[in-house]
Amino acid sequence: RLGNHAHISMEIEGEKYALPPLTRIESATQLQSLYEKSFAVVIGINKYKNWPSLEFAVNDAKSVSEELKKTGFDSITVILDSEATQRRILTELFHELPKKMGRNDRLFFYFAGHGQTEDLPDGGKRGYIIPVDCDMNNYRATAVSMDQIRSLSRRISAKHIFYAMDSCYSGLGLNRSGGVSPRTSDYLRKIASMRAVQIITAGGKGEQVQEKEGHGLFTSHFLQALNGKGDLNKDNVVTGTELGAYLRPTVSNASGQAQTPLYGRLEGEGEYLFFVQR
C-alpha cells in the first residue's frame, strides 16, 4: 500500500522431462518416446477351490496376453488357475513390480474371475477380486480388495496404470476428474506426459459376467477395442477414456443391459495409451 517493493529469488532443480510433439502414432519410434517400458500382469481363473467354476476366464487371459504382445508390451506376467492365489497376486503387485518399474513406464493389470462387493456399515461399498484359494465364508481376509489394488499406485513410479477387470462389483471410489480436454493443442503429447490411473470393470454389483463363443462378453469387446474399434478419433491410439466410452454402451447393449461396465479415473488427469496396430 505504501509503494514499497520486495523481491525474493529461488532456484528449483528438477529433472528435464519433455516429449516430442505428436498428432498421430505412425511409427515404433513415436511409441518408444511415450513409454520406456510396458509391463502387464494378466490373471485368469476358471477352477476355483471354493467358488463356482468359470468357463472362459483362462482363455480370456491368454487372448489378452497375446494381444498385448502385438501392441508393444515388453514384460507380461500371466498367472492362471491354481497359481492365482492371494499370496501370489499380492507378491507380484507389491514386491516384484516396484523393483522393475520406472517413472516413464506403463502398467496394465487384467483380471478375469469372480468379483465380490461388501456393504460397509457407513453405507459405502468395497469391491474385491477373488483369488483361486479364497474362502467363500471369509472372503474379506482371503480376497484382494480394491483398496489394496488402488494402493499399488503409491508403490510404483509408473506414470500410467490401467486396471481392466472382467468381473462385477462396485465400491471403486472413482473421482470425477474428466482429464484434459481433447481440444487442447497437441492433446496426445499432453495426456501422455501426465499421471493417470484408470479402471474399467465388466459390470456393477449384482450383475453377472456373461460368457459366450469362447470368451467373456466384456473381454471379447475389449479385444475388439484394442484392435481399432475403440480408436474413436482414428489417431492410432485408444486412450483409457476412449476405451470406457466404447465398452460401456457396447457391452451393455450386447448383454441386453444385464451387464454394464463401470469406468473411471482413480488418479491424475492424463490418459493411459494403447497403440493400435494397423
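What's counted below: heavy atoms across the whole structure, side chains too, no hydrogens, waters or symmetry copies.
Side-chain rings of Phe111 and Phe109 stay apart, their centers remaining 6.0 Å or farther from each other.
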Chi angles and distances behind the side-chain contact (heavy atoms from CB on, under 4.5 Å) call for Leu226, Thr71 = CA-CA 9 Å; Leu226 295 194; Thr71 57; 5.5 Å; no

task = Carefully, step by step, assess Ile156 and Leu93 under the rule side-chain contact (heavy atoms from CB on, under 4.5 Å).
result = CA-CA 9 Å; Ile156 61 176; Leu93 294 182; over 6 Å; no

key: Step-by-step side-chain contact (heavy atoms from CB on, under 4.5 Å) determination, Val58 to Asp81   = CA-CA 7 Å; Val58 167; Asp81 274 341; 3.6 Å; yes

message = Before you tell me yes or no, could you show the steps for Tyr263 and Thr201 under side chain to side chain donor-acceptor pair (under 3.5 Å), namely the whole-Å CA-CA distance, both residues' side-chain angles and the distance that decides it to 0.1 Å?
response = CA-CA 7 Å; Tyr263 162 76; Thr201 75; over 6 Å; no

Step-by-step ring-ring contact (aromatic ring centres under 6.0 Å, His included) determination, Tyr128 to His114 = CA-CA 9 Å; Tyr128 295 85; His114 284 299; over 10 Å; no

message = Applying side-chain contact (heavy atoms from CB on, under 4.5 Å) to Asn236 and Phe275, what does each step give before you reach the verdict?
response = CA-CA 6 Å; Asn236 294 342; Phe275 303 105; over 6 Å; no

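More than 12 heavy atoms of other residues, nucleotides or ligands sit less than 6.0 Å from atom NZ of Lys100.
Between the side chain of Arg265 and the main chain of Gly270, a donor-acceptor pair closer than 3.5 Å is present. Between the side chain of Thr142 and the backbone N or O of Asn138, at least one donor-acceptor pair lies under 3.5 Å. Using a distance-only test at 3.5 Å, with no hydrogens or angles considered, a donor-acceptor pair links the side chain of Glu242 to the main chain of Thr239. No donor-acceptor pair closer than 3.5 Å links the side chain of Ser65 to the backbone N or O of Ala61. The closest donor-acceptor contact from the side chain of His160 to the backbone of Gln198 lies at 3.5 Å or more, if one exists at all. Ser63 places a side-chain N or O within donor-acceptor distance of the main-chain N or O of Asn59, the cut-off being under 3.5 Å.
At least one side-chain heavy atom of Ile149 sits less than 4.5 Å from a side-chain heavy atom of Val144. Within the 4.5 Å cutoff, side-chain heavy atoms of Leu223 are placed close to those of His215. For the pair Leu34 and Leu273, the minimum side-chain heavy-atom distance is below 4.5 Å. Within the 4.5 Å cutoff, the side chain of Lys62 has heavy atoms near those of the Leu80 side chain. Counting heavy atoms from C-beta outward, Val78 and Ile76 have side chains that approach closer than 4.5 Å. Looking at heavy atoms from C-beta onward, Leu97 lies out of side-chain contact with Thr77 at the 4.5 angstrom threshold.
Taking both residues in full, the closest heavy atoms of Gly113 and Ala57 are given as N-CB, 4.5 Å, listed atom of the first, atom of the second, then distance. In terms of heavy atoms, Ala84 sits closest to Ile89 at O-CD1, 3.9 Å. Here the shortest heavy-atom pairing between Lys234 and Asp231 reads N-OD1, 3.1 Å. When every heavy atom of Ser252 is checked against every heavy atom of Pro261, the shortest pair comes out as N-CD, 4.2 Å.
Listed by chain and number, the residues in a side chain to side chain contact (heavy atoms under 4.5 Å, CB included) with Ser153 are Ile161, Arg195, Val197, Glu267 (sequence neighbours excluded). For Ser82, there are no side chain to side chain contact (heavy atoms under 4.5 Å, CB included) partners two or more places apart in sequence or in a different chain. Here Ala164 pairs with Phe108, Tyr110, Phe162, Ile200, Phe222 under the side chain to side chain contact (heavy atoms under 4.5 Å, CB included) rule; sequence neighbours left out.
There is a side-chain donor-acceptor pair under 3.5 Å between Arg106 and Ser38. Side-chain contact of Thr241 with Glu271: a donor-acceptor pair under 3.5 Å is present, judged by distance alone.
When hydrophobic clusters are built by joining Ile, Leu, Val, Met, Phe, Trp and Tyr residues whose side-chain heavy atoms come closer than 4.5 Å, directly or via intermediates, Phe56 is not grouped with Val251.
With respect to Lys159 and Asp105, no salt bridge is recorded, no charged nitrogen being found less than 4.0 Å from a carboxylate O.
Applying the side chain to side chain donor-acceptor pair (under 3.5 Å) rule to pairs touching residues 43-56 yields nothing, sequence neighbours excluded. Screening residues 221-230 for salt bridge (charged side-chain N to carboxylate O under 4.0 Å, His left out), with sequence neighbours left out, gives no hits.
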For residues 129-137, please give each side-chain donor-acceptor pair under 3.5 Å, one per line with the distance, not counting sequence neighbours.
from   : atom 1 : to     : atom 2 : distance (Å)
Asp133 : OD1    : Gln86  : N      : 3.1
Asp135 : OD1    : Asn137 : N      : 2.9

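Put simply, CZ on Arg126 and CD on Glu118 are 5.0 Å apart, with the number rounded to the nearest 0.5 Å.
Between Phe274 and Tyr272, the angle of the ring planes lies from 30° to 60°, which puts this pair in the tilted group.
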